[in-house]
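Within every chain, numbering begins at 1; the chains are lettered A, B, ... in the order of the sequence lines, protein sequences first and strands thereafter.
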There are 2 protein chains.
Amino acid sequence: MRELIDLRADMLKALAQPTRLKIIDFLRDGERCVCEIFPAIGEEQSNTSRHLNMMISAGVLSRRKDGLKIYYTIKHPEIFAVMDYITEMVKQDIYGRHSLLKAA
Amino acid sequence: MRELIDLRADMLKALAQPTRLKIIDFLRDGERCVCEIFPAIGEEQSNTSRHLNMMISAGVLSRRKDGLKIYYTIKHPEIFAVMDYITEMVKQDIYGRHSLLKAA
DNA sequence: TTTATCAATGAGTGTATAGTCATATGCTCT
DNA sequence: AGAGCATATGACTATACACTCATTGATAAA
């Protein structure tokens, strides 16, 4: 079995890329098909498809087939909590940097 | 200014690598100097140093000098919450896979 | 001021990743 | 069966990354 540490790294890696972050942000409101996702994030269909499949493998997304379309969703609601924490920390860092600038 | 989405990706990327995960796990108990970290995780000093600096840039760690030694700490306690969520999701996925195997 | 110690960096290598374009697969409907 | 749409994949390129070995920089102690 894959080591727990590698599985964690894989899941984090699946979150750690701008295009994939755009997808995750877009999926906040619920499931969407590829044909909705790639225009919304401004990426090519093929590139979007690769990222989606990658996030499936990492356990970040799940998918459902309906006719021709394939609908993707965030698999674990914890993903949103993780994203909120990350955003909070980044904002704190930005604020901290500004304070330092002001102090200088 | 860097886009918020890129800053988030940078911070997540700083967490998304086995060697760096080992460092973060090791820093759970508090600050440690490089000379303690690299033997603990079984990596070369130079490699460890690069990862540490990378995590500083991403806002994951902070550091403090004391004589010859440089002590690194987790900068935001939220990092631990993020790690706990990731671990939880990965474990759920492992369990889910096992159930499928049993059912098959 | 020499020596020893801790940490960071330069240079190089091999591999992984993101992206593109073209094509293939699979499903639906006529 | 054939046309048309939605998604996935093959092949390729350019860039980023992790790592190693050797060296440098900086502080401390003798």
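Using a 4.5 Å cut-off on side-chain heavy atoms (C-beta onward), A/Lys75 and A/Val60 make no contact. Side chains of A/Ile94 and B/Leu4 form a contact here, defined as non-hydrogen atoms less than 4.5 Å apart. Contact annotation: the side chain of A/Thr73 never approaches that of A/Tyr71 to less than 4.5 Å [non-hydrogen atoms, C-beta and beyond]. Counting heavy atoms from C-beta outward, A/Leu52 and A/Arg63 have side chains that stay 4.5 Å or more apart. You'll find the side chain of A/Met83 reaches within 4.5 Å of the side chain of A/Leu21, heavy atoms only. Counting heavy atoms from C-beta on, the side chains of A/Ile79 and A/Leu15 come closer than 4.5 Å.
Evaluated for a side chain to side chain contact (heavy atoms under 4.5 Å, CB included) with A/Tyr72, the options A/Thr48, A/Ile23, A/Ile37 yield exactly one hit, A/Ile37.
Applying the 4.0 Å criterion to OP1 and OP2 of D/dA8, one finds that A/Tyr72 has a side-chain N or O inside that range.
With sequence neighbours left out, B/Glu78 forms a side-chain contact (heavy atoms from CB on, under 4.5 Å) with A/Tyr85, A/Glu88, A/Met89, A/Gln92, B/His76.
Nucleotides of DNA chain C that come within less than 4.0 Å of any heavy atom of chain B span, from the 5' end to the 3' end, C/dT5 to C/dA11.
The backbone N or O of B/Ala14 sits less than 3.5 Å from a side-chain atom of B/Arg20, completing a donor-acceptor pair.
Between atom CD of residue A/Glu43 and atom CZ of residue A/Phe38 there is a gap of 11.0 Å, rounded to the nearest 0.5 Å. A/Ile24 CD1 to A/Ile74 CD1: the interatomic distance, rounded to the nearest 0.5 Å, is 5.5 Å.
As rounded to whole Å, 10 Å separates atom C1' of D/dT7 from atom CG of A/Leu52.
Residue pairs meeting the side chain to side chain donor-acceptor pair (under 3.5 Å) criterion with at least one partner in residues 29-40 of chain A, sequence neighbours excluded, are A/Glu31-A/Arg64.
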Taking N or O atoms only and anything under 3.5 Å, show me the protein contacts with nucleotides 24-30 of chain D, one pair per line.
from   : atom 1 : to      : atom 2 : distance (Å)
D/dT27 : OP1    : B/Lys65 : NZ     : 3.2

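In terms of heavy-atom proximity, A/Gly59 sits nearest to A/Met11 at O-CE, 3.6 Å.
Near DNA chain C, meaning a heavy atom under 4.0 Å from it, residues 21-42 of chain B has B/Cys33, B/Val34, B/Cys35 in order of number.
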Quiz item: In the 5'-to-3' direction, what one-character label does each nucleotide of nucleotides 11-21 of chain D receive under the scheme B = base within less than 4.0 Å of a protein heavy atom, S = sugar-phosphate only, - = no such atom?
Solution: B-----SSBBB
